[in-house]
Amino acid sequence: MDSTTSTSKKRRIMIITADESVIEQIQNNTNASFIKSIVLDGNGDNVEVSQSNIRTIQAEAQSLPAKKQKTGTLTCVVCSSPANGYNFDAITCESCKAFFRRNALKDSVELECRRGNNCDITIDSRRRCGACRLAKCLKSGMNRDRLLTAEQKAVKLRKIEENRNLTTLTHSEPRKDNQDEDVKPIITAVHSDAPSPKSTNLLLVKDVADLLPNEPPSEKQGLLSLKDLQRVETIQLSYEQRIELAAREGLPWNPTVHATTLLDHINSHSVTALRLLSFFKQIPEFNDLNVHDRVTLIKYNLMPLTILNCTLSYDVKTETIQEAKSDVPWDSSILLTVHGDQIYQRVKKIFESFSRIAKYDQRIIQLALITLILTKGFSANSNVSEPILNDGLAVYRAQSYYTELLWKYLETVHGYGKAIHIFNELVAHFMSWQALQNYLARNLPKMLTPAEMNDLLPIMKSLINIQ
DNA sequence: AGGACACCGTTTGTACTGAT
DNA sequence: TATCAGTACAAACGGTGTCC
Ligand SMILES: [Zn+2]
Ligand SMILES: [Zn+2]
């Protein structure tokens, strides 16, 4: 583009470009009040873009300082009002930025055009139709992915809060019993601009509210960094991808087939196990371990993790577990018939406890799964001697990393108090599960006839550890 | 019937904050 | 320092009820 010289009173701007957004940028490149009058002028009859491609603009007599020019050079690609820079990957004005932040995740039901989905969006008409404005935002290159997720917002908030605490602590001597109640604003603040109660985007509101700290952690350090959060997100994705990955490598059992006998049930479990394995294989620290150690960890730790793993696919309503859409859902009745009511109730209690955590935040369970698969001697079965790890240090390092990640995630996202509570719950119930699981593992082979033992899938044979 | 107007929840625009 | 997410808050909007 070219902008030619200007006399003291007039400036002529010529735009030569195929990029409409550039044209729009240049269109309104002087001080806002003046631009407004120009736009109003042409807008009475719905300006067509071509008409304003080349436009003569009179600059105000007063000389504009350089800084003014700098902030006024850009034009919103959505509505053509003055812009400052990129917002969500497009050059937009502040109001389109705010609009996009508030509406980008709404669907066509919440934002519906009352005309023909082709409303013109200008600085004056932009607020007349949210649907078309959002459509134009997206068409103009604004990117939903640039919105921070609830978790990311919580992380950011925590960081700010942490900094505040730190600076106030270092600046003023800590007073003992301070009755001042100026901690609140942070908490109320988040809600004020959140979607209103009427909006259906309640999930987000709830998320953010839940994520807020209840009490400031006395800890000064060790909160989740953005990288950490991305890692957690990747882990969640890996977990979701396990189904497809496992399917690609081939399953020894058809998960769409209903299992009737105990043998069938056990064999059908190979699908769950292989999927879980596919999840772990996506974890770099796990995958980098040497083969022997990997096999050892899987062989001794995978099956006990089933109870945790299943909570992620548990449907509270139907009380069934279903990992993939096409899978046959199954329930706990087999446990009751095989192990009896007493055992069943104990397992159920533990399961429900984990299930509550899973329902609260699946990522906690996913991180716990990784932490626990990396836990040496986890099966704690005195009868079976577990092989020694080749590179125990690497396993230990990986395990510490994920333990810490889990803790940081818990503390940052759910707050210190909740983190303690959840962590306690996880550990306590897992310890009782260990004991119970040992008992079950020892009993299971007794329930099968020798012939059935023979029909066990090889993978299940090795996972159940018979011999 | 209908215009003027207060009321009130929602939406929008803008100033400002803070991390990177 | 510049940039770009976010929050805070006030103005604008739009639907509703009330009075005349
Ligand atoms: Zn705009
Ligand atoms: Zn429209």
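Just so it is clear, the values below take in all heavy atoms, side chains as well, and ignore hydrogens, waters and symmetry mates. Here is how names work: the chains are called A, B, and so on, in the same order as the sequence lines, proteins then strands, and each is numbered from 1. These numbers were taken from a predicted model, which means no experiment stands behind them.
Phosphate contact (OP1/OP2 of C/dG14, side-chain N/O of A/Arg114, threshold under 4.0 Å): absent. The side chain of A/Arg128 places no N or O atom within less than 4.0 Å of a non-bridging phosphate oxygen (OP1 or OP2) of C/dC13. Here A/Arg146 does not reach the OP1 or OP2 of C/dC4: none of its side-chain N or O atoms lies under 4.0 Å away. A sub-4.0 Å separation between OP1 or OP2 of B/dT12 and a side-chain N or O of A/Lys97 is absent. A/Arg127 has a side-chain polar atom (N or O) that falls below the 4.0 Å cut-off from OP1 or OP2 of B/dG13.
Whole-Å rounding puts the A/Phe99 CZ to B/dG13 C1' distance at 13 Å. Whole-Å rounding puts the A/Arg133 CZ to C/dC13 P distance at 13 Å. Atom CE in A/Met142 sits about 9 Å away from atom P in C/dA5, given to the nearest Å. B/dA19 atom C1' lies 15 Å from atom CG of A/Leu224, rounded to whole Å. If you take CG of A/Asn87 and P of C/dG6, they are 10 Å apart, rounded to a whole angstrom. Computed from coordinates, the A/Glu151 CD to C/dG6 C1' distance equals 16 Å when rounded to whole Å. The interatomic distance linking A/Lys159 (NZ) with C/dA5 (P) rounds to 16 Å, in whole Å. Rounded to whole angstrom, the span from the CG atom of A/Asn84 across to the C1' atom of C/dA5 amounts to 14 Å.
A donor atom on one side chain and an acceptor atom on the other are not found under 3.5 Å apart for A/Asp120 and A/Ser125. A/Asp228 and A/Ser225 form a side-chain donor-acceptor contact under 3.5 Å, judged by distance and modelled atom types alone. Side-chain N/O atoms of A/Glu285 and A/Tyr401 include no donor and acceptor closer than 3.5 Å.
The aromatic rings of A/Tyr360 and A/His414 sit tilted relative to each other, their planes meeting at an angle between 30° and 60°.
Out of C/dA5, B/dA19, B/dT12, the shortest distance to the side chain of A/Ile160 is found at B/dA19. The listed nucleotides are B/dT14, B/dA19, C/dG6; the one nearest the side chain of A/Leu147 is C/dG6. For A/Phe88, counting side-chain heavy atoms from C-beta on, the closest listed nucleotide (C/dA5, B/dT12, B/dT20) is C/dA5. The side chain of A/Arg101 has C/dT7 as its nearest neighbour among B/dT14, B/dG13, C/dT7.
A/Lys156 comes within contact range of at least one nucleobase, with a heavy-atom separation under 4.0 Å.
For C/dG6, the base has no donor-acceptor partner in the side chain of A/Arg102 [N/O atoms by modelled type, under 3.5 angstrom].
Proximity of a side-chain donor or acceptor of A/Thr403 to a complementary backbone N or O of A/Gln399 within less than 3.5 Å is detected.
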